[in-house]
Each structure stands twice: as structure tokens, then as C-alpha cells.
Amino acid sequence: HTPSALMMCDRRTVMIHHWIQKLAVDYTEARKKLRLERYKTILLNPGFITKGKGQLEVIKTFLNSYHAVNPETLLAIVGLCRDTKYLGELLDTIGKSGRNNITLDPSFVSQEQRHLWFSVADCIILNATNATPYSASGQLHTAIGYRKPILAKNVEINRWPPGSATLFSV
């Protein structure tokens with residue numbers, strides 16, 4: 001018996017099955033491959049690193065939270081960055097914090113690495129300044145496919161063309 005693509009679990013929850021679940025790597029194995037065994041909690045901010053996706057705000061918020069003082073919690077910002085000035089600003093903020101539980105990898109993330117990161121993440125952080133990156137980048141859809149909790153900034157929905165409907169509201 002194969003479950004349908006859209007299945008009602010109860011009156012409040014809708015389960016949407018997604019192919020990405022099959023690509024998930026074992027949690028313990030993925031942590032070993034990424035050398036992250038010492039962390040109990042991993043907060044992942046994935047995708048292209050740009051000002052529009054708000055990584056600087058994510059870092060500052062993390063540094064002002066109790067998570068920053070917990071050495072067993074890691075904030076991982078992973079994704080390609082082409083803006084060297086913005087990258088410098090991010091690295092400077094991390095460096096001045098004196099914390100060693102923030103990692104920033106500004107290189108291209110392969111499919112294999114992407115599966116590892118989403119497999120180890122305990123929560124996905126999406127902090128875009130508008131809704132376009134949520135729908136265009138695939139990070140939201142991937143997080144849903146991996147059944148990860150998502151912490152997303154409440155942003156204004158830009159409708160294009162004006163008056164068009166939106167599929168979801170973040």
C-alpha cells in the first residue's frame with residue numbers, strides 16, 4: 001500500500017510526502033562526516049549568502065540569545081557567497097564575538113553536502129527580507145522534505161504581477 005501524495009493525518013495536520021526524505025543521511029553518520037559530533041543542537045541557515053537573506057541579522061540574534069553561550073549549540077551558515085564585502089562583514093561579526101559555535105561556509109554546497117547538512121540540522125532558519133527567496137531558493141521546500149522545524153521571519157508577501165494569488169504565506 002502506497003500512501004497518497006497528500007494525506008490527511010487528522011483535522012489539523014496535512015502530511016505531504018516528498019522525495020527528499022529518501023535522500024536523508026543517518027543523523028549520527030552525517031554528524032560524523034561533518035565532524036559535528038560534539039554539538040547537541042544544530043541550527044542551520046542554508047542557501048546563498050546575500051544581504052537579502054539576512055545572515056548578519058541571524059548571527060546578531062544568535063549572539064544575543066542563550067544559545068550563543070551554550071557550547072553544545074552550533075549556528076551553521078552554509079551556502080555560496082559572491083559578495084566579498086558582505087562576507088567580510090559576517091566574518092568580522094563572528095570574529096569579534098569570540099564565540100566558536102558559529103560556522104560560516106561560503107563555498108558552493110554539493111548535493112551530497114546538502115543532504116548531510118539537512119540531515120544533521122535540528123532547526124532550519126530562514127531570515128529573508130522578503131518572501132521571494134523563500135519560494136525561489138528551494139530551502140523552504142527542502143526543509144519541509146526533511147521534516148525539519150523551520151524558524152522563518154515574517155515578511156511582506158510581494159505579489160507579482162500585482163493582484164495575483166500566493167501559494168503560501170510565511
Side-chain angles (χ1 to χ4, degrees), residues 3 9 13 15-129 133-134 136-154 170:
C9 297
T13 307
M15 172 94 56
I16 301 174
H17 295 279
H18 196 282
W19 65 272
I20 293 227
Q21 296 170 10
K22 297 174 186 168
L23 299 174
V25 179
D26 175 73
Y27 185 75
T28 305
E29 178 187 333
R31 281 179 181 251
K32 284 181 184 176
K33 285 185 177 182
L34 292 171
R35 297 183 182 121
L36 300 174
E37 300 97 325
R38 71 183 185 142
Y39 298 104
K40 286 188 177 179
T41 305
I42 297 175
L43 308 174
L44 177 63
N45 181 234
F48 281 109
I49 297 172
T50 67
K51 285 184 181 181
K53 290 198 176 180
Q55 288 89 359
L56 185 59
E57 185 179 20
V58 169
I59 293 168
K60 289 179 178 180
T61 301
F62 179 80
L63 290 172
N64 288 319
S65 74
Y66 75 93
H67 294 292
V69 296
N70 182 350
E72 295 178 333
T73 300
L74 174 71
L75 171 61
I77 299 172
V78 180
L80 183 62
C81 184
R82 294 186 177 130
D83 183 342
T84 54
K85 184 178 176 185
Y86 185 57
L87 178 60
E89 191 176 354
L90 297 174
L91 292 172
D92 188 52
T93 302
I94 294 168
K96 286 180 180 176
S97 75
R99 303 301 311 163
N100 63 356
N101 59 342
I102 301 174
T103 187
L104 190 150
D105 182 354
S107 59
F108 175 78
V109 179
S110 68
Q111 274 302 90
E112 180 184 346
Q113 289 289 100
R114 184 176 178 166
H115 297 308
L116 291 173
W117 279 109
F118 274 92
S119 295
V120 301
D122 295 292
C123 181
I124 307 300
I125 299 173
L126 302 175
N127 194 53
T129 55
Y134 291 149
S137 74
Q139 303 310 322
L140 174 64
H141 308 92
T142 304
I144 292 169
Y146 277 91
R147 297 181 178 187
K148 297 296 179 174
I150 301 165
L151 182 60
K153 184 176 186 177
N154 188 9
V170 195

Measuring from atom [atom1] of [X] to atom [atom2] of [Y], what distance do you get when rounded to the nearest 0.5 angstrom?
{"X": "N45", "Y": "Q55", "atom1": "CG", "atom2": "CD", "result": "5.0 Å"}
{"X": "L75", "Y": "I94", "atom1": "CG", "atom2": "CD1", "result": "7.5 Å"}
{"X": "K148", "Y": "S119", "atom1": "NZ", "atom2": "OG", "result": "6.5 Å"}

Any side-chain heavy atom of [X] sitting closer than 4.5 Å to one from [Y]?
{"X": "L104", "Y": "L87", "answer": "yes"}
{"X": "F108", "Y": "Q113", "answer": "no"}
{"X": "I125", "Y": "T61", "answer": "no"}
{"X": "N70", "Y": "N101", "answer": "no"}
{"X": "T50", "Y": "Y86", "answer": "no"}

Counting only N and O atoms by type, is there a donor-acceptor contact under 3.5 Å from the side chain of R114 to the main-chain atoms of P46? no

Test: E89 and K85 ion pair at under 4.0 Å: no

Is any NZ, NE, NH1 or NH2 atom of the basic residue among K53 and D83 found under 4.0 Å from an Asp or Glu carboxylate oxygen of the other? no

For Q139 and L126 the tightest heavy-atom approach is CB-CD2, 4.0 Å

